[in-house]
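One structure is given here, and the rest of the page talks about it.
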Amino acid sequence: MSTQTASLSTPTTARAAGPAPAAKDLSQQRQKEMLADYFEKLTRAKEAGQKIVYTFVPGNLNELIAAAGMMNVLPEINALQSGMRGRSGGYITEAEKHGHSEDVCTYVKCDIGMMLNGNIGPTGTKLPEPDLLLLSYTGCFTFMKWFELLREHYKCPVAMLHVPYQPEGRITPDMRKYIVDQLEKSIIPALEKVSGRKLDRDDLAARMALSSKAEDDLVAVWESAKHTPSPIDGYFGGVYYIGPIFSAFRGTQGAVEYYRELRAEVEERIRLGLGPVGPDGPIGPERHRLVVEGPPNWTSFFDFWRMFSRENAVVCASTYTRVGGLYDLGFRHDPDRALESLAEYCLGCYTNLGLPSRIDLLEKYIREYQADGFLINSVKSCNSFSAGQLLILQELEKRTGVPGGFIESDLVDPRYFGKANIDNRLQSYFQMLDARKARGYA
Amino acid sequence: MSAPTDPCAPLLARAEALLEDLSLHGVAAWKAAHGGAPAIGIMPVFAPRPLFEAIGVLPVNIYGGGDRVDVIKGDAYYQSYICHIPRSTIEMGLGGQLDALDGMVFPSTCDVIRNLSGMWRMLFPQKYSAYLDLPQTFEAPLGGLFYRHELSRIAAELVARGARPLDADRLREAIIVENRRRALLADLASLRAREPWRLKASEAYLLTRAGAVLPCAEHIELLEAFLAAAPERPVRAYDNVRVIVLGAFCEQPPIGLIRTLERSGCDLVDDDFQLGLCAIDGAIPLDEDVGDQSPLDTHDPLDALVLSYTLRGQATATRYIADGVKGEALVNRVRTLGAEGVILAAPSFCDPALLDQPMIEQALNDAGIPFTSFKYAENSAQFQTIREQAGAFSDSVKLWGAA
Amino acid sequence: MKCVVGIDLGSTTTKAVLLDTEEGRILGQGITNSRSNYEVASAVARQEALTAARFRLLSEALHHGVDAATADRMQERLMLAFRHELFLTQLDGLAAALQATITAVVPLERRPEYHRAAELVIEAAVTFADAAFVPGAARKSDFFKDLASEAMAVAAAAICERTGVKYERLIGVFDRAILDVEREVTAFEFETLLVRAARRALATYEPEARAAAETHLLGAVEQTNAVVLDEVAFVGTGYGRQTLPFPKEAVRSEILCHGRGAHRFFPGTRTVLDIGGQDTKAIQVDEHGVVTSFQMNDRCAAGCGRYLGYIADELNLGLHELGPLALGAKRVVKVNSTCTVFAGAELRERLSVGERREDILAGLHRAIMLRAMSLLARSGGVRNQLTFTGGVGKNPMATRVLRELVTESYSADVDLNLHPDSIYMGALGAALFAFDDHRAGRAIVPTALRALYEKAEPDACAGDCGCEGGADKESCHA
């Protein structure tokens with residue numbers, strides 16, 4: 001079982017393509033065990049009478065789901081795992097054979113293809129079917145279509161949580177009230193109906209207190225990258241760090257311990273003056289500090305990472321690692337205002353912010369993390385991220401004077417990762433950064 | 001002997017001229033005639049026009065540049081895998097063709113239109129720019145109230161741009177006029193379904209589209225004039241395959257493409273082109289009894305406007321179908337209109353339409369309704385393949401129907 | 001004479017540029033088809049550039065002490081004769097390759113007739129060359145493969161008839177042999193070949209003029225042959241640069257090289273547009289030629305040179321014929337898609353509705369340049385001067401449309417720079433980087449390439465760099 005375990009933290013392909021970063025670290029080991037344990041429980045969920053909720057990462061209501069006595073399954077995570085395990089190409093083809101357009105989101109097609117192929121999850125065992133689809137409609141229009149499609153297949157109830165967009169980067173009382181009202185009048189009753197028991201509000205508050213603790217430590221880990229040299233890679237490495245809190249573990253003691261341990265390890269790296277560990281071991285002396293906008297490509301994750309690590313380019317901050325919550329802007333889950341803070345959490349996910357706010361955030365990262373470049377990985381699948389990125393590029397260059405790079409790939413469609421092409425652009429970009437530095441540009 | 005003249009020809013010519021008025025000269029003229037009152041663009045799919053008319057604002061539905069704008073700057077902002085409408089819209093904005101507008105409203109249609117709202121804010125900081133978050137929950141105390149706040153907010157914000165404050169009496173008036181238009185659009189639809197040779201889809205398209213740039217009262221005049229003259233049109237009945245077109249609710253196909261479909265043996269008896277003008281089934285329920293919708297009340301015109309969307313919004317890909325069945329509305333329309341097939345025509349890279357399509361196809365399959373599908377862009381120039389495909393489809397439907 | 005080398009390994013052609021280390025003057029430029037073997041392509045391009053550099057020296061010597069017309073005539077004949085000699089040398093390689101191929105693929109009992117056919121092929125090529133390398137004769141290409149294939153196309157049928165070898169079989173053997181030849185660099189000693197070429201050139205003179213010409217010509221040849229071109233730094237770039245037998249430090253991105261090269265030709269330019277076969281690049285450079293930002297076409301290759309290639313194929317025309325044809329348009333047909341996948345369909349549909357070929361082509365050119373304009377806008381727009389490079393830069397319709405669009409979108413005051421040697425921009429930029437490297441004392445001479453070219457031992461390091469030049473070393477610092 002454990003050797004088959006794949007998770008956000010320890011994809012099985014990592015072994016073939018290169019060691020996972022800091023493989024010896026305790027936190028890494030702990031994360032692996034947490035996920036193995038979770039998937040093990042999922043496998044036995046049905047026989048244990050455990051109810052299953054499928055939901056999405058941005059705006060997920062993990063504490064609420066757990067307090068209602070249910071377990072979550074995250075189709076996005078399954079899709080990215082399929083990508084890392086080299087399965088996504090086949091799944092996507094399968095979905096396209098069933099009438100899905102080549103134009104649309106490959107997470108959706110990968111998930112549908114996996115479903116059509118027996119719903120075998122990242123651990124190699126069949127995932128339990130959902131008892132409820134909790135559609136947290138946050139920051140991505142496609143989420144709605146995705147669960148409409150799953151509903152056709154599973155014929156199970158759907159609970160829709162409509163999270164308004166933040167066009168001006170601020171949360172109005174109307175928005176918050178709309179969500180809290182939905183939680184009270186529609187989501188909680190739906191969860192209670194499926195679980196067959198009343199929501200334990202004390203349990204909810206206790207879980208949110210745990211969330212908040214882990215969030216403090218996660219922010220410290222993110223912000224450790226403000227040091228030069230950065231002890232972490234905030235993008236490729238960052239996706240490992242967000243694993244527990246973005247998946248099933250927010251609001252658990254396990255996550256609190258994981259992030260405490262991780263933070264200690266990172267602080268130790270700072271003390272020793274160490275840089276991050278890349279796919280092939282420690283990365284050489286820091287040559288470029290970058291901010292990255294956009295999700296990574298999962299099908300060639302390690303090849304992609306190598307294009308950076310080989311050049312000693314370190315990503316100090318990334319927006320992708322904020323899709324599950326912008327904790328570094330100060331948000332914390334608050335046990336005293338449980339539903340209000342859940343509402344604010346949903347509203348505050350990165351892709352739920354208007355474009356001007358996204359640019360402000362990127363500008364802040366470029367300045368605060370002292371980046372000498374920023375890079376946009378524009379993924380075909382995700383219009384929520386991608387539509388407007390060329391304006392982001394232009395505006396950030398104008399505001400910061402820091403040159404931007406632009407590459408294109410996809411989340412999990414291997415057909416859209418042009419290795420030579422991307423490598424070519426990245427090398428050109430890094431060389432341009434060098435040439436500019438040699439000429440004394442900022 | 002000269003051919004009998006078509007009394008509707010001048011009306012259709014006027015409508016086509018409005019379609020071709022990409023630089024919005026008509027809107028500029030309206031503003032000049034109304035003391036510089038504001039005009040606001042509305043991106044697809046839907047925003048309630050009476051709200052704007054009630055506060056003295058001319059709502060203008062913007063459908064991109066179609067096939068008549070060379071896109072340079074717009075392409076500079078979009079990757080190749082994104083649909084065409086935002087490109088041509090930005091091109092027109094940067095090229096000054098939308099200068100007559102005082103602002104834009106971006107409804108929550110999809111991620112592309114959503115993000116365009118932020119881009120617009122940055123590219124045209126001097127203009128008003130609003131995102132209209134349409135609800136995806138439809139209970140009055142939830143989505144209903146939220147939507148009411150959204151509409152009030154936009155109306156209030158527009159006061160700073162020269163609009164009148166929202167006033168219940170004026171809104172009531174605007175809704176009454178809008179309901180008159182809705183009735184005429186329904187007449188137009190039934191004429192087309194009854195006698196598609198008397199009102200072709202491309203003509204219905206032009207007549208409806210005129211409403212995108214005209215004040216409601218003027219649009220009513222045009223529709224009334226057409227409906228009055230239609231019986232006198234020198235037309236001949238023919239036997240085509242009756243089809244419904246679905247998927248073209250946002251980025252519009254070029255009019256040439258609609259005509260191509262007509263020429264390939266299909267009578268388009270219904271469609272979801274420019275859905276924004278037709279997104280509500282029936283009338284806005286002002287003073288109607290619609291059951292308990294508290295805290296909303298149909299005697300309040302703004303509540304009535306809200307309820308028209310939450311209760312009567314048409315099933316479309318951008319709207320969450322809470323308890324309904326995907327494709328059910330379409331199958332019902334096929335039955336009601338006696339259609340024989342469906343053409344699923346979606347813009348390339350249109351997430352809502354294309355993600356919906358497998359579910360719609362399933363529903364059509366289950367109902368035994370033949371369908372075909374293709375993709376287009378607003379600037380598609382090649383109709384040959386579509387002509388062949390639609391021709392083959394209509395032939396097969398005839399054979400299939402006869403068998 | 002010390003010089004530095006820049007090599008641009010493109011998807012279609014490979015280019016090399018030689019600069020002297022004193023002032024960075026361009027000594028020579030060479031180009032060859034990239035073929036399947038990039039290493040050989042770069043060695044050949046370099047050889048061509050060296051040859052050009054020597055001819056440049058030769059030209060200077062020839063122009064010394066006689067009137068320009070006489071010197072020009074002499075130079076032209078000598079150049080032609082040299083090409084001719086080089087062709088014959090390469091033909092020796094082909095002869096050997098043909099025999100080897102026959103031994104490898106033809107059954108023993110059939111070999112005699114094939115060997116005979118191969119001899120006839122070579123004879124035919126020699127005859128062909130005699131006619132091709134005379135003053136005024138038109139040659140479509142100077143690439144050996146093209147010339148030999150042309151000769152073969154002319155003679156094959158007759159040879160088959162004479163020898164009884166099946167046509168398809170002979171072509172098969174020939175193609176395989178050509179591939180083998182292309183996989184190797186023809187070794188020749190420039191000095192020897194030049195002397196032979198001088199003799200051949202002199203033979204074309206009338207007897208009464210020959211003696212005077214002989215003294216001057218052989219003097220100049222001797223003077224040229226006395227100069228040693230010592231390559232002290234290399235930099236490689238281009239689409240295939242990863243496959244160059246160069247260490248990482250000696251490889252630069254083609255973006256940087258294109259920007260730098262264009263800036264060398266046009267120091268006032270701040271924007272460079274390059275449309276090549278596979279991609280389109282919009283580059284912004286500063287007053288030193290340093291790239292400050294760039295954009296490449298996205299994953300979709302619509303609107304690149306390849307698109308015109310498809311169109312040319314569809315119309316059964318040469319690529320170079322499209323532009324001039326489009327200039328004859330009476331109106332511009334509106335074309336909205338530059339998708340390479342639909343290129344043929346779009347064209348056929350237009351033709352089927354009766355549009356003129358010229359008018360459609362005008363529309364296609366416009367569509368391509370509209371995409372390029374978008375890319376320029378993405379990269380930061382066009383400032384004072386725009387330099388247009390790459391294969392499409394040679395297309396007169398493309399440049400005309402670009403001029404119009406730049407005027408529409410920016411200003412009529414923007415200078416549009418075109419250069420006949422724009423295809424060498426990347427290689428020139430690479431050479432300029434090599435020049436910098438040499439000046440900074442970090443120059444690199446990849447011994448692998450030198451070995452390939454000179455058939456020398458891999459430790460052919462100049463020896464003054466302190467490196468050990470071991471056989472296992474990929475490179476050394478010169």
Side-chain angles (χ1 to χ4, degrees), chain A residues 95 98-105 108 112 135 137 139-142 144-149 151-152 158 160-162 164-168 172 174-175 177-178 181-182 185-186 351 353-359 378 380-391 394-395 406 408 410 416, chain B residues 76-83 86 90 106 108-123 129-133 135-137 139 141-143 145-146 149-150 153 317-323 325-326 346 348-359 361-362 373 375:
Chain A
H98 281 77
H100 288 264
S101 167
E102 65 266 33
D103 289 358
V104 302
C105 175
V108 177
I112 302 262
L135 172 47
Y137 178 73
C140 167
F141 183 88
T142 297
M144 185 175 100
K145 311 312 294 178
W146 193 337
F147 273 7
E148 283 180 348
L149 285 159
R151 181 177 65 178
E152 295 281 303
V158 189
M160 155 64 101
L161 176 68
H162 175 207
Y165 185 57
Q166 280 199 55
E168 291 169 56
T172 65
D174 291 338
M175 294 175 183
K177 180 176 183 306
Y178 179 35
D181 286 350
Q182 289 180 75
K185 292 176 185 158
S186 138
T351 46
L353 301 184
L355 217 69
S357 311
R358 283 171 61 188
I359 295 174
S378 171
K380 170 185 171 281
S381 274
C382 188
N383 286 341
S384 177
F385 259 107
S386 303
Q389 278 176 329
L390 286 158
L391 179 62
Q394 180 186 310
E395 185 68 16
F406 196 84
E408 289 183 287
D410 188 45
Y416 284 88
Chain B
Y77 290 104
Y78 286 104
Q79 302 89 325
S80 55
Y81 53 77
I82 287 175
C83 60
I90 284 190
F106 300 86
S108 53
T109 297
C110 68
D111 293 332
V112 172
I113 300 279
R114 186 196 72 179
N115 288 7
L116 180 60
S117 74
M119 295 171 73
W120 210 264
R121 198 178 287 272
M122 300 182 69
L123 291 170
S129 172
Y131 182 70
L132 168 61
D133 220 333
Q136 295 290 9
T137 63
E139 298 86 346
L142 299 176
L145 272 189
F146 173 75
H149 285 302
E150 282 290 280
R153 171 181 67 85
T318 62
R319 184 184 169 101
Y320 178 57
I321 307 295
D323 301 312
V325 177
K326 268 285 164 191
S348 290
F349 304 109
C350 175
D351 278 344
L354 292 170
L355 284 161
D356 230 30
Q357 211 155 288
M359 295 181 274
E361 290 179 0
Q362 185 63 49
S373 59
K375 290 188 286 189

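Throughout, a chain's letter reflects where its sequence line sits, starting with A, and its residues are numbered from 1.
The line from CD1 of B:I113 to SG of B:C83 is 6.5 Å long, rounded to the nearest 0.5 Å.
For a residue to count as touching a neighbouring chain, one of its non-hydrogen atoms must lie under 4.5 Å from one of that chain's; by this rule B:A130 does not touch chain A. Interface residue B:M119: backbone and side-chain heavy atoms are both found under 4.5 Å from chain A. With a threshold of 4.5 angstrom between heavy atoms, A:I359 approaches chain B through side-chain atoms but not through N, CA, C or O. Looking at A:M144, the atoms closer than 4.5 Å to chain B (heavy atoms on both sides) all sit in the side chain, from C-beta outward. With a 4.5 Å cut-off on non-hydrogen atoms, A:C382 does not touch chain B at all. Contact annotation for A:Y137: only side-chain heavy atoms (C-beta onward) come within less than 4.5 Å of a heavy atom of chain B. With a 4.5 Å cut-off on non-hydrogen atoms, A:E152 touches chain B through its side chain but not through its backbone. Using a 4.5 Å cut-off between heavy atoms, A:L353 does not touch chain B at all. Of the two parts of B:L116, neither the backbone nor the side chain holds a non-hydrogen atom closer than 4.5 Å to a non-hydrogen atom of chain A. With a 4.5 Å cut-off on non-hydrogen atoms, B:P135 touches chain A through its backbone and its side chain both.
Between B:E139 and A:K185, none of the side-chain N atoms (NZ, or NE/NH1/NH2) sits under 4.0 Å from a carboxylate O, so this pair counts as no salt bridge. Look at B:D111 and B:R114 and you find a salt bridge, because one of the NZ, NE, NH1 or NH2 atoms lies within 4.0 Å of a carboxylate O, short of that distance.
One N or O on the side chain of B:N115 and one on the backbone of A:S384 form a donor-acceptor pair closer than 3.5 Å. Under a 3.5 Å cut-off, the side chain of A:Q182 and the backbone N or O of A:H162 do form a donor-acceptor pair. Here the side chain of B:Q136 pairs a donor or acceptor atom with the backbone of B:Y320 at under 3.5 angstrom.
Considering only heavy-atom pairs separated by less than 4.5 Å from chain B, the leading option among A:V158, A:L149, A:I112, A:V108 is A:L149. Your options are A:C105, A:G354, A:S386, and the one with the most heavy-atom pairs under 4.5 Å with chain B is A:S386. Contacts with chain A were tallied for B:K375, B:R153, B:M359; B:M359 has the most, counting heavy-atom pairs under 4.5 Å. Ranked by non-hydrogen atom pairs under 4.5 Å with chain B, the options A:M175, A:E168, A:K177 are led by A:E168. By number of non-hydrogen pairs under 4.5 angstrom with chain B, the leading residue of A:Q389, A:R151, A:E395 is A:R151. Comparing A:L161, A:D181, A:L391 by heavy-atom pairs within less than 4.5 Å of chain B, the highest count is held by A:L391. Ranked by heavy-atom pairs under 4.5 Å with chain B, the list A:P356, A:G99, A:S357 is led by A:P356.
When every heavy atom of B:S80 is checked against every heavy atom of B:F349, the shortest pair comes out as O-CE1, 3.6 Å. Pairing each heavy atom of B:T109 with each of A:F141, the nearest pair is O-CE1, 3.2 Å. Here the shortest heavy-atom pairing between B:P352 and B:T318 reads CB-CG2, 4.0 Å.
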Practice prompt. Before giving the answer on side chain to side chain donor-acceptor pair (under 3.5 Å), spell out for A:S381 and A:Y416 the whole-Å C-alpha distance, their side-chain angles and the decisive distance to 0.1 Å.
Written response: CA-CA 10 Å; A:S381 274; A:Y416 284 88; over 6 Å; no
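Cation-pi contact between A:K380 and B:Y81: absent, since separation from the ring centre below 6.0 Å together with deviation from the ring axis within 45° is not met.
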